[in-house]
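Here the structure comes first, spelled out in structure tokens, and everything after it is commentary.
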Amino acid sequence: MPINKSIGLLLSAEYKTNDENRSEINLYVKTSKGIEKFIDSDFLPYLYAKVTEEKKAVEELNGFEFDGAKIIKIEKEENRKELNLIKIYFSSTADLSKSREKLRELNTVIELHEFDILYPKRYLFDKGITPFNEIEVMHENNLIKSVKEIESDKAVNELKMLAFDLETYSPGRFSNAELDAILTLSIYSKKIQKVITYKKEFEKINNTIIVKDEKELIQKFIELIKEEKPEVIITYNGDSFDFPYLKTRAEKFKLKLPIGFNESEPKTKKVSLFTAEKLLGVQHLDAFQMVKFLARIAVINSSSLDLETVVEKVFGLKKEKLASEKINEIWETGKECSRLVEYNLEDSKTTFMLAERFLPLFIELGKLTKQNLFDVTRSSSSQNVEMLLMQESLKQGKLFANKPSEGEVKKRMLAPIKGGYVKEPLPGLHERIAVMDFRSLYPSIIISHNVSPETICSHKECSKNISPEGICFCEKEKGIVPNALEKVLNKRIEVKKELKKTNNAELKKILDAKQHALKILLNSTYGTLVFPRFRWYSRECGKSITAWARKYIQEVMDKAEKNGFTSLYGDTDSSFLLIPKNKNESDVKKFIETINTELPGAMELEFEGFFKRGIFVTKKEGGAAKKRYALIDFKDNMKIVGFEFVRRDWAIIAKRMQGKALELILKEGTPEKAIQLVKETINNLREGKVPKKDLIILTQLKKPINKYELVGPHIAAAKKAVEKGKKLTVGSTLGFIITRNGKSISDKAELSEFVEEGNYDKDYYIEHQIIPAVQRIIEELGYSKQDLIIGGKQKTLFSFN
DNA sequence: TAATTCGCTAGACCGA
DNA sequence: TCGGTCTAGCGAA
């Protein structure tokens with residue numbers, strides 16, 4: 001057999017146990033021939049042991065055998081800066097994990113390291129290859145002889161994607177895959193947009209493929225996948241719904257689902273707490289998992305993560321939600337079939353759009369963290385940062401930190417680490433406000449002060465670098481965390497520069513995704529360092545970072561005062577200043593310049609904006625409220641922070657009212673207009689004119705209903721709904737209304753779908769929604785609650801010259 | 001067992 | 001019936 005060379009895009013590295021019970025690596029690569037598999041059976045799983053003495057250890061390990069697991073090879077490790085370190089190889093990952101405990105018991109073994117690094121990840125590290133990059137494989141009949149990454153600035157070739165979505169029968173309950181049929185299946189790709197179904201009435205509807213029955217529906221789906229040969233199959237919640245459902249139904253008909261590489265079928269795989277559906281070669285992309293991650297890190301802010309809400313948030317598209325009862329009705333009566341077809345097709349279309357929208361971001365994140373599409377879209381922040389630090393650790397020849405024991409985790413959780421400093425604002429209405437903030441504060445402190453678990457030292461020479469918490473960080477040698485972050489930070493600055501230069505829309509999209517991925521990594525690093533389960537957790541680092549942060553921001557505020565500004569407010573990394581009449585924007589910028597010359601290299605204070613006016617309110621218990629304010633700039637753009645206006649657990653009517661009031665006060669300086677508006681709204685409420693949709697209060701069900709100690713309104717409403725047969729799951733968003741029926745607020749709470757239009761407690765909405773939303777604001781201007789209810793006094797607020 | 005802490009507010013619950 | 005305390009949820013950074 002001659003040796004062949006293949007070049008292609010690395011989709012994923014997987015592992016397999018072969019016929020000889022050995023672990024082998026399978027690389028799935030997109031080449032000019034489509035997806036190909038290359039096998040490396042020469043790469044053995046291994047771990048490291050720190051031993052008392054190498055020779056003695058090798059002697060003790062000689063002939064080691066436990067439960068059939070044998071050591072294949074022992075080597076001295078030269079690339080890690082660690083004395084007495086040996087590398088122990090096994091023929092399979094199973095043997096490796098079996099042997100771990102036994103190895104620890106040996107006399108010469110002090111501790112084990114890197115015994116839990118997933119084998120395919122190990123392969124990517126050691127071979128220096130990365131998913132989404134191009135690789136060159138030398139192989140004999142697809143058996144890998146060598147593999148390397150090729151330098152190429154070529155963007156990831158367009159991946160061929162296809163989305164699908166199921167509609168299922170649900171007779172008055174959740175669909176049960178054992179009993180209820182798939183009614184329609186939609187497929188959406190650049191090439192085909194079709195709905196497969198098997199009911200006669202659907203024949204005349206556009207975009208349908210009519211088959212004989214459900215079995216043929218599944219067969220047709222498989223046939224289309226085989227024709228299309230997608231590299232990425234997209235679903236929305238396919239991990240827990242579409243794929244498991246499809247699998248169960250296929251089994252019923254004794255059908256296989258050979259839609260992966262080489263006719264392989266989807267396999268259920270545990271991913272942290274959840275299960276995912278994985279295909280070989282072809283990547284299953286569950287857009288719901290992407291959205292969940294983005295919601296967690298606050299890139300998407302959506303009250304609910306169902307497809308309709310997310311699509312509206314992301315694209316501003318209103319998409320109709322067909323209730324399951326309606327789907328059943330359409331199916332049974334055969335009327336309005338086109339609605340079901342459209343709905344089903346819209347589902348896979350918008351799922352496809354979501355994937356397309358966020359794919360560049362996840363691809364960049366995957367490249368940075370050496371994760372394939374399947375993994376990176378289901379990965380957590382701590383996993384991402386872990387992968388970043390592992391790469392840096394290897395570059396520096398340092399061993400990976402081990403994961404903590406459960407006991408250690410508990411200990412860590414008991415002692416939270418003090419966070420940022422929040423200054424109590426000066427309450428009231430203010431004019432001429434400048435806002436400055438530190439660019440990536442925590443990362444820049446980590447870089448500037450070389451904060452890393454392994455750089456904590458007691459060198460005399462490093463005594464200039466002691467944190468306010470009294471911890472000294474080495475100045476001689478760069479740590480893993482700061483080094484990794486410095487590269488990320490610099491790369492981001494570079495990408496942002498390029499972004500400014502280009503006008504090419506396609507390039508812009510990719511560059512923006514890149515800088516965003518880098519930002520995500522930057523922002524989550526501090527959090528993971530103090531995350532109790534993190535490999536590189538360090539309390540010392542965590543408390544030093546926040547202590548430095550508090551010191552720097554307070555210094556900025558002090559210096560501002562000394563320079564003739566008034567320090568108005570500040571939160572963690574930001575500082576708000578009042579600009580006196582004899583100073584202007586450029587004075588603030590000059591002030592920032594001087595601060596920056598005194599700051600260490602990576603740290604930078606930035607000018608955020610100059611605002612015409614802003615309001616800070618007094619709390620119920622007195623004192624000014626932190627984390628709530630509203631600003632308006634000189635172009636009349638409003639920025640509302642922390643107020644009910646931005647909270648999803650307030651009724652729209654109250655939020656809208658508050659937004660309007662803030663606008664009238666900040667923009668026009670006419671609080672009496674705001675008060676007039678409040679009065680009108682109160683009147684509308686009194687007269688029962690307010691539609692149901694404006695009265696809904698949204699909250700999330702955070703735990704199982706019976707686990708609640710306190711039965712608040714949303715739980716009371718949920719309980720009643722469950723009694724009526726409604727299924728509610730942890731994480732679902734509850735929309736409730738306070739009705740007229742009952743005594744306490746909880747008694748009156750009812751899920752909105754069970755409430756008739758017009759049935760609402762007007763006093764509740766006036767006293768507990770409208771008034772609280774505006775009261776604190778108008779009080780700051782000298783008005784009171786009484787002015788909202790009875791006739792108000794007239795006065796103007798600003799003296800416009 | 002999915003990155004953190006700080007902070008606000010509502011409403012139930014509990015005992016005087 | 002009240003006021004204090006605690007649970008709960010969400011947002012800022």
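A note on names: the letters A, B, ... follow the listed sequences, proteins ahead of strands, and every chain is numbered from 1.
- Residue A:S746 has its side chain nearest to B:dG11 when only C:dG11, B:dG11, B:dA2 are considered.
- Here CD1 of A:I737 is found 8.5 Å from CG of A:N759. Values are rounded to the nearest 0.5 Å.
- Base engagement by A:F274 is indicated by at least one non-hydrogen atom pair under 4.0 Å involving a base atom.
- Nucleic acid contact for A:Y526: none, since no nucleic acid atom lies under 4.0 Å from a heavy atom of the residue.
- The CH2 atom of A:W650 sits 11 Å away from the C1' atom of B:dG11 (whole-angstrom rounding).
- You'll find that the side chain of A:K292 is closest to B:dA2, out of B:dA2, C:dA13, C:dC10.
- Applying the salt bridge (Lys or Arg N to Asp or Glu O under 4.0 Å) test to A:D437 and every residue at least two apart in sequence or in another chain returns nothing.
- At a threshold of 4.0 angstrom between heavy atoms, the contacts of A:Q383 with the nucleic acid are absent.
- With respect to the salt-bridge test (charged N to carboxylate O, under 4.0 angstrom), the residues A:D116 and A:R535 qualify.
- Phosphate proximity of B:dG11 to A:H768: present, with a side-chain N or O under 4.0 Å from OP1 or OP2.
- Under 4.0 Å is where a charged nitrogen must lie from a carboxylate oxygen, and between A:R533 and A:E406 at least one such pair does.
- Following rounding to the nearest Å, A:K418 (NZ) and B:dG7 (C1') show an atom-to-atom distance of 15 Å.
- Salt bridge annotation for A:D239-A:R378: present, with a cationic side-chain nitrogen under 4.0 angstrom from a carboxylate oxygen.
- At the phosphate of C:dG9, neither OP1 nor OP2 sits under 4.0 Å from any side-chain N or O atom of A:K703.
- When the C1' atom of B:dT5 is taken as reference, atom CZ of A:R412 falls 18 Å away, rounded to whole Å.
- Atoms CG (A:D761) and P (B:dG11) sit 11 Å apart, rounded to a whole Å.
- One interatomic measurement links the two molecules: CG of A:D437 to P of C:dA12, which rounds to 15 Å at whole-angstrom precision.
- Across all strands, A:Y537 comes closer than 4.0 Å to no nucleic acid atom at all (heavy-atom distances).
- At a threshold of 4.0 Å, the pair A:K626-A:D571 does not count as salt-bridged, since none of the basic side-chain nitrogens sits closer than that to a carboxylate oxygen.
- For A:Y764, whose side chain is taken as the heavy atoms from C-beta onward, the closest listed nucleotide among B:dC8, B:dG11, B:dA3 is B:dG11.
- Atom name C1', nucleotides B:dA3 and C:dA12: the rounded distance is 15 Å, in whole Å.
- Spacing between atom CG of A:D573 and atom C1' of B:dT4 amounts to 14 Å, rounded to whole angstrom units.
- When the P atom is compared between C:dG9 and B:dT1, the two are found 16 Å apart, to the nearest whole Å.
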Please produce a list of atom pairs where a protein N or O lies less than 3.5 Å from an N or O of nucleotides 1-5 of chain C.
none

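- If you check every strand for non-hydrogen atoms under 4.0 Å, A:R628 touches sugar and phosphate atoms only.
- The nearest heavy atom of DNA chain B to A:T528 and to A:V422 marks one nucleotide each, and the one closer to the 5' end goes with A:T528.
- If you check every strand for non-hydrogen atoms under 4.0 Å, A:E386 touches nothing.
- Under a cutoff of 6.0 Å and an axis angle of 45°, A:K278 and A:F374 form a cation-pi pair.
- In this structure, the nucleotide among C:dC10, B:dT9, B:dA12 sitting nearest to the side chain of A:R648 is C:dC10.
- Straight-line distance from the CG atom of A:L734 to the C1' atom of C:dC10: 14 Å, rounded to whole Å.
- Salt bridge absent: A:K720 and A:E723 never bring a charged side-chain N and a carboxylate O closer than 4.0 Å.
- Between A:P416 and A:R533, it is A:R533 whose nearest contact on DNA chain B lies nearer the 5' terminus.
- Within the nucleic acid shown, A:K410 has no heavy atom closer than 4.0 Å to any nucleic acid atom.
- Between C:dA8 and A:H714, no contact under 4.0 Å exists linking OP1 or OP2 to a side-chain N or O.
- Taking the six-membered ring where the residue is Trp, A:W548 and A:H449 present parallel rings, their angle staying beneath 30° rather than reaching 60°.
- Within the 4.0 angstrom heavy-atom criterion, only backbone atoms of the sugar-phosphate kind lie near A:Y629; the bases stay farther away.
- Of the candidate nucleotides B:dA12, C:dG9, B:dA10, B:dA10 has the atom lying nearest to any side-chain atom of A:P772.
- The CD atom of A:E621 sits 14 Å away from the C1' atom of B:dG11 (whole-angstrom rounding).
- Distances shown here put every side-chain N or O of A:S381 at or beyond 4.0 Å from the OP1 or OP2 atom of B:dA2.
- Within the cation-pi definition used here (under 6.0 Å to the ring centroid, within 45° of the axis), A:K292 qualifies as a partner of A:F274.
- With B:dT4, B:dA3, B:dA2 as the candidates, the nucleotide lying closest to the side chain of A:V530 is B:dT4.
- Comparing B:dT9, B:dG7, B:dA10 against the side chain of A:K620 picks out B:dA10 as the nearest.
- Between A:F616 and A:F576, the ring planes are perpendicular. Angles over 60° get that label, and only those under 30° would be called parallel.
- Contacts of A:S524 with the nucleic acid, taken as non-hydrogen atoms under 4.0 Å apart, are absent.
- Heavy atoms of A:G527 sit under 4.0 angstrom from at least one base atom.
- Picking from B:dT4, C:dA13, B:dC13 the nucleotide with the shortest atom distance to the side chain of A:P532 gives B:dT4.
- Within 4.0 Å of A:K627, counting heavy atoms only, lies at least one base atom of the nucleic acid.
- In this model, the phosphate group of B:dA3 is not approached by any side-chain N or O of A:T525 to a distance below 4.0 Å at OP1 or OP2.
- Taking the side chain of A:E709 as heavy atoms from C-beta on, and the options C:dT7, C:dC10, C:dA12, the nearest nucleotide is C:dT7.
- The side chain of A:Y708 contributes no N or O atom lying less than 4.0 Å from OP1 or OP2 of C:dC6.
- Here A:I417 lies in heavy-atom contact (under 4.0 Å) with sugar-phosphate atoms only.
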